[in-house]
There are 2 protein chains.
Amino acid sequence: MAKVSLREQVLRVREDAIIAAVNRLLSDKGYDLMTVDEVAAEVGIAKASLYRHFPSKEALAAAAMVRVLRQTLGVIDAEAARAQRPPLERLAAVTRWAIERQLAGEMPSLPSQNSSLRAVLLADKDYIELLMKVSDRLGEWIVQGQQAGEIDATLPPEVVLYTLFARACDPVPGFLKAGGQYDDERIVALVLATFLKGISGSAAPASNSAR
Amino acid sequence: MAKVSLREQVLRVREDAIIAAVNRLLSDKGYDLMTVDEVAAEVGIAKASLYRHFPSKEALAAAAMVRVLRQTLGVIDAEAARAQRPPLERLAAVTRWAIERQLAGEMPSLPSQNSSLRAVLLADKDYIELLMKVSDRLGEWIVQGQQAGEIDATLPPEVVLYTLFARACDPVPGFLKAGGQYDDERIVALVLATFLKGISGSAAPASNSAR
DNA sequence: GTCTATAGCCAGATAGAC
DNA sequence: GTCTATCTGGCTATAGAC
C-alpha cells in the first residue's frame with residue numbers, strides 16, 4: 001500500500017505545483033480571465049504537458065477546488081480537536097481562516113454560472129464528496145450553536161451555512177483593501193464581526209424589515 | 001430645450017431596448033459569458049447595428065451599470081421623500097430592493113477584476129458621478145443611523161456601505177433559490193434580516209472573534 | 001441606419017518529433 | 001512526458017452593399 005514509485009512521487013509534486021499555480025491565478029483573475037497559457041507559464045512547462053496531467057481547463061479549476069476543500073476539512077478537523085470550544089467559536093475560526101486566505105490571494109473563486117464548469121464539478125466525485133463532508137461538519141456546529149442559543153434559531157441552518165460559504169468570495173474585504181485605510185488584520189476583524197453578529201442569537205432588531 | 005425630434009425619440013427607445021437586453025444577459029450569464037451576438041439576437045437587430053449605438057462591449061456593460069445606478073438613485077429619492085423614517089429603515093428598503101431585483105434576474109453584475117472593463121467604467125463620467133452620488137446619499141443615512149444608535153457605531157461607515165453594495169451580487173439568494181425550499185419573499189426576508197442584524201447597533205456577541 | 005459577410009484575434013486543445 | 005508548432009472554434013469588431 002505504502003509502496004509508491006519514485007516516478008509517481010515526481011508526478012505528484014508536479015501536479016501539486018500545477019494546482020498551486022491554478023489556485024493563485026484563479027484567486028487573482030478568476031476562471032474566465034485565467035488562461036491555460038498563463039498556467040503553463042507560471043509552472044514553467046509547455047501547455048501540451050499540462051494537458052497530459054489534466055484533460056481540460058475545467059478539470060484544472062476542479063482540482064483547485066478539491067484542494068481548497070481538503071484544506072478546509074483540515075481546518076475543521078483541527079478546530080474539532082480543541083475540546084470544550086463553543087460551536088460558534090469553531091465556526092468563527094473556520095470563517096476567519098477563509099477570509100484571511102481570500103485576503104492573501106489564495107482562495108480560488110469560480111463563477112457560479114458557467115454551465116460547463118458546473119457540469120464538470122458536479123461530475124467530480126471527490127469534489128462532491130468533500131463538499132458534502134464540509135457541509136455536514138459545519139452544519140453540525142450550526143445546529144449545536146442554535147441549540148445553545150449562540151446562533152439565531154429562527155434562521156434555517158442552510159442560510160447560515162451559505163452565508164458562511166459566501167465569505168470565501170465576499171468582495172467587501174477586497175474593497176476595503178483597495179481603499180488602503182486598514183491593514184489585513186483589521187479588515188478580517190470587521191468582516192468577521194459583521195458576519196457573526198448577522199447570525200447571532202439575539203432577536204432581529206428591525207422587526208418588519210422596512211418595506 | 002424640450003424640442004426632441006421624433007428621430008431622437010426612436011433612437012432612445014431602441015437604445016433602451018438594447019440596454020434592457022444587456023441588463024438581462026449581464027445578470028443571467030455575467031460579462032464574460034455574454035456575447036455581443038446574443039445581445040443583438042435578443043434585441044432583434046444585427047450586430048453591426050448594435051455597434052452603431054455603442055462603440056464596444058465594454059460600453060454596453062457600462063450603459064447597463066449607469067442605468068441601474070440611476071434606478072437606485074430613484075429608489076433612494078423615493079425613500080427620502082417618506083418623512084419621519086428612521087435611517088436604518090430607509091437603508092433596509094434600498095437593500096431590499098437590490099436583493100429583490102437580483103432574485104428577479106435584473107441586477108447586472110460585473111467581474112470586479114476585468115481590467116479593460118474597469119478602465120472604461122472609471123472613464124465614464126456618468127457612471128462615476130452616479131456612483132459617488134449613491135454612495136453619498138447612503139453614507140448620510142448610515143452616519144445618521146449610527147448617531148441614532150440603530151447602526152453599530154464602531155463600524156466605519158464604509159464597511160456598512162460596502163456590505164450593503166455587496167448584497168447586489170450576493171450568491172446566497174441564488175443558492176437558496178436553487179435549493180427550491182423557499183419562495184422569493186422568504187429568501188429576501190432571511191438575507192435582509194441577516195444583513196441588518198450584522199450592522200445593527202448592539203454590541204458584538206463574540207468579543208474576541210475566535211482565533 | 002440596417003443588413004450580410006468577413007476580417008482578425010485569441011484561447012483551448014492536439015499532432016507529432018524527440 | 002516534454003517540447004514546438006499547429007489546428008479549430010468562437011468572439012469582437014468592421015467593411016461595404018443597400
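Computed over heavy atoms, backbone and side chain alike; hydrogens, waters and symmetry mates excluded. In this text, all values refer to a predicted model and were calculated from it rather than measured experimentally. Every chain is numbered from 1, with letters handed out A, B, ... down the list of sequences.
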Which pairs of donor and acceptor atoms, one on a side chain in residues 57-75 of chain A, lie under 3.5 Å apart (sequence neighbours left out)?
from, atom 1, to, atom 2, distance (Å)
A/K57, NZ, A/Y31, O, 3.0
A/K57, NZ, A/M34, O, 2.7
A/E58, OE2, A/S116, OG, 2.7
A/Q71, OE1, A/R101, NH1, 2.9
A/Q71, OE1, A/R101, NH2, 3.1
A/T72, OG1, A/V68, O, 2.7

Could you state the [atom1]-[atom2] distance from [X] to [N], rounded to the nearest angstrom?
X     : N      : atom1 : atom2 : result
B/Q9  : C/dG1  : CD    : P     : 14 Å
A/L6  : D/dG1  : CG    : P     : 11 Å
B/I45 : D/dA13 : CD1   : P     : 15 Å
B/L50 : D/dC11 : CG    : C1'   : 14 Å

Checking [X] now: which residues fulfil salt bridge (charged side-chain N to carboxylate O under 4.0 Å, His left out) with it, not counting sequence neighbours?
X      : answer
A/E158 : none
A/K133 : none
B/E15  : none
A/D126 : none

Within residues 109-126 of chain B, those residues having any heavy atom closer than 4.0 Å to DNA chain D are none
Does [X] put a side-chain nitrogen or oxygen below 4.0 Å from OP1 or OP2 of [N]?
X     : N     : value
A/R14 : D/dT2 : yes
A/S49 : D/dC3 : yes
B/H53 : C/dG1 : no

What one-letter contact string describes nucleotides 9-18 of chain C from 5' to 3', where B marks a base within less than 4.0 Å of any protein heavy atom, S marks contact via sugar-phosphate atoms alone, and - marks no contact?
--SBBBBB--
Review item, side-chain donor-acceptor pairs of residues 42-51 of chain B, under 3.5 Å, at least two apart:
from, atom 1, to, atom 2, distance (Å)
B/E42, OE2, B/R24, NE, 2.6
B/E42, OE2, B/R24, NH2, 3.0
B/K47, NZ, B/D37, OD1, 3.2
B/K47, NZ, B/D37, OD2, 3.3

Name each donor-acceptor pair under 3.5 Å that joins a side chain in residues 136-145 of chain B to protein atoms two or more places apart or in another chain, with its distance.
from, atom 1, to, atom 2, distance (Å)
B/R137, NH1, B/D77, OD1, 2.9
B/R137, NH2, B/D77, OD1, 3.2

Side-chain (B/T95) to main-chain (B/L164) donor-acceptor, under 3.5 angstrom:
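Such a contact is absent between B/T95 side chain and B/L164 backbone.
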